[in-house]
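Okay, structure first, notes after.
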Amino acid sequence: MKLSLQSIKDKEAWKGYHLPAYNPEEIIENTKKNPQWMHFGSGNIFRIFPAALCQHLIEQGKMNTGIICCEGYDDEIITKCFRPYDNLTIGVTLNIDGRMEKEVIASMAESLTMLYDKEQIEEIFKQPSLQMVSFTITEKGYSLRNAAHELVPAVLEDMENGPKDCKTFMAQLTAMCLARKEACGKSLALVSMDNCSHNGEKLQMAVLEIAKAWLEKGKISKEDYTYLEEEIAFPWSMIDKITPRPHPAVEKQLIEDGLEEISPFVTAKHTYIAPFVNAEKPQYLVIEDHFPNGRPPLEEVGVIITSRDTVNKVEKMKVCTCLNPLHTCLAVYGCILGYTSIAEEMKDPELRAFIDQMSHKEGMPFVVNPGVIDPEKFLQEVLTERFPNPFMPDTPQRIATDTSQKLSIRFGETIKAYIASSEYKAEDLSLIPLVLAGWLRYLIGVDDEGTAFEVSPDPLLSAMQEKMAGMKLGETIDTAKLQPILSDASIFGVDLYECGLAEKVINYFVELMAKPGAIRATLKKYVH
C-alpha cells in the first residue's frame, strides 16, 4: 500500500497505526477558507512535533483547520516528500523498550514553496484569520551575514531594491508582512521554533534590519516600519525533541507492514528526508505568550505558554547545563573514540561518568529553576532515558556539526557564572575545560588509535585547522599556537586566559595528544 488520503480509509490495512480521527478533506477545505497557522521549514522536527500537536488539537475538536506548510529553502521536500503522499507523513516514536508507536499525521492541509508558489503564500499572508507563522529553518536561516559578519551580497541587493521581487527569504518574509499591513492591517505572531538561543529575537532583528534599510532608502514609510515594530510579534520559544535522520530499521519495519515507496532520499541541497520521521518520545515546547491576533490552544496538547523570562530560563537550563553541553561532550569524544551512536557511548563508563559529573557538579549549581520544568528531573530523563535509548539512531558525528558556533552558549555561560560568583572560582572547573581540550583534539581529525576520520562541517573548521597546522599525535606540541584560539571570546564566550582556564585546557590537550590511546588514559585519569 502507498501512503495516501485514499489508502488510510482502509483502517484494516493500517492496523497498528494511529490514523487521524477526523476527515482530512474537511480540514483542508476549512484551512483554505480560514487559514490560522502557516509554517516554514518542512523538515523532520516540524512533521513529528508541531504538525502532530495540530493533529491532536483537531482530534480533540479544539481546532478545525490544519497547517499550511511552506518551504523557503529546499523545495524538493515539498515536491518529492509531501505532494506524492497527499501531504501525509508517518511519525514513528522510538521508545526505550523498543516499541515503535506509529501515527499517520494529516494536519498539513497544504504544501507550498517560495520558489513555485510565492503568490499563493503572499495571498495567505494577507488573510485576517492568519494568527501565527512558525519556523523551523535552523539558526542559519535567520542570518543576514557571512562568517566575516558582512552582509551577504544577496541581502544587500534586497535591501537596495526591495520590498518588491526580493530573493532572500528574510527579505521576502518582511515584504509579506508589509503586504499584510496594506491588505488587512491585522497583527500577526512570527514564532521561531528553532533550537537556538533567543530565537524570537534573532528573527525580529533580521526583519527589522531589512525594513530599516528600506526605510532609510525611502522604499517604505515610517508607518510601515512602525507596523513591523508594534503589530508583528516575535515570541521566544524553547523546543526540545531529538529527531535524527530516517533510520534503516524504521524503514524496514514500515516495508514489512506493507508500505511501498517509503525509502529515505537525499535532496540536491543535502537534506536527508523520507515520508516518515523517527524520533524519541520526550518533547518540550515552551512559548512566550505574545499572540496579538489570537492563537491555537496549544496548552491543551502539552505546550507551555508562559512569559519571555520563563522561556529564557528554560532555554538556559537546557542549553547551558542539562542537555546541550552533554551532547557536545559526547559528540567530540565519541568521534575520537570511534563511536557512531550516542546510546552506545552511554554504555562507556568514562563518558557516562564524564557527563554525569560535569552536569551535576559544575553546571547545576548555577541553574535557575524556571518553575515550569524541574531541572533535576529533566537532567535525569536525559541521562537515564533519552541518551541511552538504544533505538534512537543519533550519532556524535551529527551533533559535532558547527561545534565552534555552540561552545560560547553551551559552556561560556557557565564559565561566566563562575567568574561572577563570590562562592565559586572559574579556575576550579576541571571537566568543562576537558571538553574544550577534547574539541581541539577532535579538530586534529585523528582518532585515539591514530587513524584519520572525517571532521563534521563547521564554518570555522579551515581557520582552526590552519592555526593548529603541524600538530601531530605523539609529537611535541607548540602550545603557543593555541593562544589565538583560546583567547578568542567569540568562540568560548570568554577569553580563557583572562579567566584562568587556558593553562588547564592546554595541559589537557597535550595529554590527549601524547600518543595513541592517550584519550582513554586521560579520561580514566580525570573522570572518577
Side-chain angles (χ1 to χ4, degrees), residues 324-363 382-384 387-390 392-401 403-404 406-407 410-411 428-456 458 461 464-465 468 470-479 481-482 485-486 496 501-528:
N324 298 58
L326 287 61
H327 245 167
T328 292
C329 177
L330 292 175
V332 296
Y333 278 99
C335 291
I336 45 184
L337 288 170
Y339 283 103
T340 55
S341 155
I342 293 294
E344 283 301 310
E345 285 189 76
M346 291 301 286
K347 296 176 187 171
D348 184 307
E350 279 82 41
L351 291 178
R352 190 178 179 113
F354 193 156
I355 62 169
D356 192 314
Q357 290 167 30
M358 179 178 71
S359 52
H360 279 107
K361 291 181 182 172
E362 298 187 351
V382 167
L383 292 170
T384 60
F387 286 2
N389 185 342
M392 271 292 290
D394 211 4
T395 69
Q397 290 75 19
R398 179 187 80 86
I399 295 156
T401 303
T403 299
S404 69
K406 301 168 180 173
L407 296 171
R410 295 185 181 190
F411 300 99
D428 293 338
L429 289 166
S430 61
L431 295 174
I432 287 175
L434 188 54
V435 181
L436 305 182
W439 176 59
L440 297 175
R441 172 66 182 79
Y442 161 83
L443 291 171
I444 301 295
V446 173
D447 68 17
D448 202 20
E449 306 300 317
T451 308
F453 67 87
E454 189 180 342
V455 177
S456 298
D458 190 303
L461 182 59
M464 288 292 150
Q465 291 186 327
M468 297 173 74
M471 295 187 186
K472 291 194 168 62
L473 190 62
E475 295 183 9
T476 305
I477 303 296
D478 178 3
T479 57
K481 282 187 171 183
L482 297 173
I485 299 172
L486 300 181
L496 294 173
L501 286 175
E503 191 181 343
K504 196 171 278 189
V505 174
I506 290 167
N507 291 341
Y508 283 148
F509 177 69
V510 169
E511 286 188 59
L512 294 168
M513 288 288 287
K515 60 184 178 183
I519 290 159
R520 180 61 67 185
T522 305
L523 289 176
K524 283 182 183 291
K525 180 176 173 183
Y526 294 107
V527 178
H528 307 294

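Below, each value reflects all heavy atoms present in this structure, side chains not excepted, and no hydrogens, waters or symmetry copies.
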Counterpart residues, side-chain hydrogen bond (donor to acceptor under 3.5 Å, both in side chains), relative to Asp428 (two or more places apart): none
Side-chain ion pair, Arg398 and Asp394, N-O less than 4.0 Å: yes
Closest non-hydrogen atom pair between Met468 and Ile444, with its separation: CE-CD1, 3.7 Å
Plane angle bin for Phe387 and His327 - parallel if under 30°, tilted between 30 and 60°, otherwise perpendicular: parallel
Within 6.0 angstrom of Lys361 NZ, more than 12 heavy atoms from elsewhere: no
side-chain contact (heavy atoms from CB on, under 4.5 Å), paired with Ile355, selected from Leu431, Val527, Leu330: Leu330
Thr401 side chain vs Ser456 backbone, donor-acceptor pair below 3.5 Å: no
Spatial distance of atom CZ (Arg352) from atom NZ (Lys347) [nearest 0.5 Å]: 11.0 Å
Within-4.5 Å side-chain heavy-atom neighbours: Val510 and Thr479: yes
Candidate pair Ser404 and Met464, rule side-chain contact (heavy atoms from CB on, under 4.5 Å), full reasoning: CA-CA 9 Å; Ser404 69; Met464 288 292 150; 5.6 Å; no
Residues which pass side-chain hydrogen bond (donor to acceptor under 3.5 Å, both in side chains) with Thr328, listed by chain and number, not counting sequence neighbours: Arg410
Distance (rounded to the nearest 0.5 Å) between Lys524 NZ and Thr522 OG1: 11.5 Å
Heavy-atom side-chain contact between Glu362 and Ser430 under 4.5 Å: yes
Glu503 atom CD, over 12 foreign heavy atoms within 6.0 Å: no
Nearest-0.5 Å distance, CD1 of residue Ile519 to CZ of residue Arg441: 3.5 Å
Trace of the side-chain contact (heavy atoms from CB on, under 4.5 Å) decision for Tyr333 with Leu434: CA-CA 10 Å; Tyr333 278 99; Leu434 188 54; 3.5 Å; yes
Partner of Leu337 under side-chain contact (heavy atoms from CB on, under 4.5 Å), chosen from Leu351, Asp447, Val332: Leu351
Minimal non-hydrogen separation, Ser359 against Leu326, with atom names: CB-CD1, 3.9 Å
Which residues share a side-chain hydrogen bond (donor to acceptor under 3.5 Å, both in side chains) with Thr395, sequence neighbours left out: none
Validation row: Leu383, His360 side chains within 4.5 angstrom (heavy atoms): yes
Closest non-hydrogen atom pair, Gly438 against Ile336: O-CD1, 4.1 Å
Heavy-atom side-chain contact between Ile342 and Pro396 under 4.5 Å: yes
Residue from Leu436, Leu440, Leu486 passing side-chain contact (heavy atoms from CB on, under 4.5 Å) with Phe509: Leu440
Spatial distance of atom CG (Leu523) from atom NZ (Lys525) [nearest 0.5 Å]: 12.0 Å
Leu501 and Ile432: CA distance, side-chain angles, deciding distance, side-chain contact (heavy atoms from CB on, under 4.5 Å) verdict: CA-CA 10 Å; Leu501 286 175; Ile432 287 175; 5.8 Å; no
Validation row: Lys406, Trp439 side chains within 4.5 angstrom (heavy atoms): no
Nearest heavy atoms of Pro390 and Ala343, plus distance in Å: CA-CB, 3.7 Å
Point-to-point distance, once rounded to the nearest 0.5 Å, from SG of Cys335 to CG of Asp448: 13.0 Å
Heavy-atom side-chain contact between Pro433 and Phe411 under 4.5 Å: no
Gap between atom CG of Leu482 and atom CE of Met471 - 0.5 Å precision: 4.0 Å
